[in-house]
There are 2 protein chains.
Amino acid sequence: MTQPLHLSLAGQAVDVLRELVLTGELPAGSRVNEVEIAHRLGISRGPLREAIRGLAAEGLLELVPHRGARVPMADQAEVKALFELRTALECAAAELAASRRTDVDIARLRAVSEESRRNYHAGVKFPYRLDLAFHQALLEAARSPRIAEQVRLVQQKVVLLRARLEDDAPHQFASMDDHDELINAVVAGDAQRAGQIMRKHLSRVCAQMITSLAD
Amino acid sequence: MTQPLHLSLAGQAVDVLRELVLTGELPAGSRVNEVEIAHRLGISRGPLREAIRGLAAEGLLELVPHRGARVPMADQAEVKALFELRTALECAAAELAASRRTDVDIARLRAVSEESRRNYHAGVKFPYRLDLAFHQALLEAARSPRIAEQVRLVQQKVVLLRARLEDDAPHQFASMDDHDELINAVVAGDAQRAGQIMRKHLSRVCAQMITSLAD
DNA sequence: CGTCTGTAAACTGTCGACAGTTGGCAGTCT
DNA sequence: AGACTGCCAACTGTCGACAGTTTACAGACG
């Protein structure tokens with residue numbers, strides 16, 4: 001997507017800062033101390049401030065006048081709003097994928113699905129990594145770069161919520177079933193059904209996330 | 001949404017630069033000379049660079065290593081990809097609006113529609129301003145802040161294309177009809193139909209924009 | 001005449017320093 | 001004791017300057 005790798009310090013700072021936010025090393029609600037982070041990254045405040053502006057435009061940070069940047073805190077309403085956006089995007093992606101998929105796309109989707117099942121039966125939890133990989137594969141099949149881009153941004157914010165669903169076995173099982181149903185619809189080229197399944201899938205995930213936020 | 005008003009120079013620079021890009025004062029494909037713009041805004045390069053990063057994250061500028069920022073140029077493929085995104089977002093918005101609309105929402109939609117008809121019959125061209133107002137009113141009725149936010153960003157990029165459709169009378173008429181059909185579907189609470197009409201509407205606009213880009 | 005090369009101007013990327021604002025703390029007054 | 005006031009430290013916002021890279025141009029060479 002982007003160049004081999006960001007050569008500018010600001011570009012690198014974007015990546016590092018993003019990681020700090022997404023891993024929770026900078027907890028939600030906390031302020032971003034420019035001098036401290038800049039020193040930690042071994043750069044000056046200039047490039048760091050540029051990186052902060054970039055991430056703020058992505059929605060991963062919020063800017064408060066004269067108080068710098070903060071990691072945004074999400075309440076229940078925000079989660080719902082976020083999933084309405086995600087549903088709009090991923091349903092469209094699922095429909096497009098059903099109309100445009102090629103054999104390679106299908107192979108890729110099935111590979112991810114099978115790896116999930118293997119892991120699950122081997123007693124390994126369904127890792128978020130594989131869920132992400134599935135949605136990623138679906139996006140590739142949809143061949144809509146702008147939609148894919150936005151989905152990635154939304155998924156980042158979902159990660160930011162850090163509501164870990166990985167321990168919930170019934171949820172994992174339901175998700176894997178959703179994924180397989182989706183694959184069938186995509187293979188059949190049934191756009192409408194693919195969209196419906198995706199809607200159901202995301203509605204389940206959203207509900208799960210809301211209840212898991214209530215503690 | 002954002003703060004009362006940007007007090008920081010970088011914040012103001014974002015607004016001014018955005019205007020410069022959207023009005024075409026900085027033509028598509030042109031490079032953004034930091035010293036020149038900074039001098040023109042009466043600020044130093046620091047805040048300006050922050051503003052550039054922000055707009056780049058919005059997609060209104062593209063960053064090239066050691067070559068600064070450029071106003072992106074859109075080809076036909078880009079227009080299609082952009083409208084796939086817009087369709088995904090606005091169809092979802094139309095569906096949500098049909099399920100959530102209140103009397104105030106309906107009144108607002110009808111007011112915009114009637115103003116359009118009045119203008120048209122008075123021989124005034126259908127201004128882009130009113131088209132925007134209609135879609136804006138629909139977004140308010142949908143009550144989905146994150147979707148609304150993304151639609152605004154997409155609409156900005158559509159403006160960037162600067163394919164002026166305002167002179168095309170048949171297109172204007174068709175658009176106004178689409179809008180009225182949409183209002184009917186929304187009033188009836190028919191989400192599915194609202195989505196279909198929006199899809200048709202945007203597909204027409206997209207086609208129009210592509211042909212108007214071919215010169 | 002076209003191409004290649006070397007040099008200089010222009011521009012971006014980065015830094016350190018200064019100014020203005022915010023938030024907390026101590027001291028004072030009621 | 002509680003509230004108010006004034007000061008101080010910490011931090012953000014901004015600027016000017018320097019270093020490295022790109023680009024344009026002029027001259028040399030095939």
Side-chain angles (χ1 to χ4, degrees), chain A residues 1-21 25-73, chain B residues 1-21 25-73:
Chain A
M1 199 95 219
T2 46
Q3 248 57 8
L5 220 55
H6 306 287
L7 18 93
S8 76
L9 293 185
Q12 296 174 240
V14 168
D15 294 338
V16 178
L17 239 190
R18 175 184 284 125
E19 216 59 27
L20 287 180
V21 173
E25 193 157 340
L26 291 175
S30 71
R31 282 176 58 176
V32 178
N33 189 322
E34 294 181 3
V35 291
E36 180 203 328
I37 303 290
H39 188 267
R40 183 157 22 150
L41 301 195
I43 64 179
S44 81
R45 285 176 51 221
L48 177 62
R49 283 177 62 88
E50 292 179 23
I52 288 176
R53 278 272 168 186
L55 291 184
E58 278 187 21
L60 242 55
L61 291 175
E62 63 185 8
L63 265 35
V64 186
H66 294 288
R67 233 170 293 180
R70 256 189 334 208
V71 181
M73 272 189 311
Chain B
M1 193 113 307
T2 48
Q3 270 69 359
L5 217 58
H6 306 287
L7 16 92
S8 74
L9 293 185
Q12 295 174 241
V14 168
D15 294 337
V16 177
L17 238 190
R18 176 184 285 125
E19 217 58 27
L20 287 180
V21 172
E25 191 155 341
L26 291 175
S30 71
R31 282 176 58 173
V32 177
N33 189 322
E34 294 181 3
V35 290
E36 179 203 328
I37 303 289
H39 189 266
R40 189 147 119 203
L41 302 195
I43 64 180
S44 81
R45 286 176 52 220
L48 177 63
R49 283 176 64 89
E50 292 180 23
I52 289 176
R53 279 271 167 188
L55 290 184
E58 279 186 20
L60 242 56
L61 290 175
E62 62 184 9
L63 264 35
V64 187
H66 293 289
R67 233 169 292 183
R70 254 188 337 206
V71 182
M73 270 189 313

Nucleotide range of DNA chain C lying under 4.0 Å from chain A heavy atoms: C:dT14 to C:dG23
Flag side-chain contact, heavy atom, 4.5 Å: B:Arg31 against B:Val64: no
Comparing A:Arg67 and A:Pro47 on DNA chain C - which has the more 5′ nearest nucleotide: A:Pro47
B:Leu41 side chain near B:Gln12 side chain, heavy-atom distance below 4.5 Å: no
Residues from residues 30-46 of chain A lying under 4.0 Å of DNA chain C - heavy atoms: A:Ile43, A:Ser44, A:Arg45
Point-to-point distance, once rounded to the nearest 0.5 Å, from CG of A:Leu55 to CG of A:Leu61: 5.0 Å
Side-chain touch A:Arg53/A:Leu63, heavy atoms, less than 4.5 angstrom: yes
Contact check, side chains of A:Leu48 and A:Val32, non-hydrogen atoms, under 4.5 Å: no
Any side-chain heavy-atom pair of A:Val16 and A:Arg40 under 4.5 Å: no
Gap separating the CD atom of A:Glu25 from the CG atom of A:Leu17, nearest 0.5 angstrom: 10.5 Å
Whether over 12 other heavy atoms sit under 6.0 Å from A:Arg18 CZ: yes
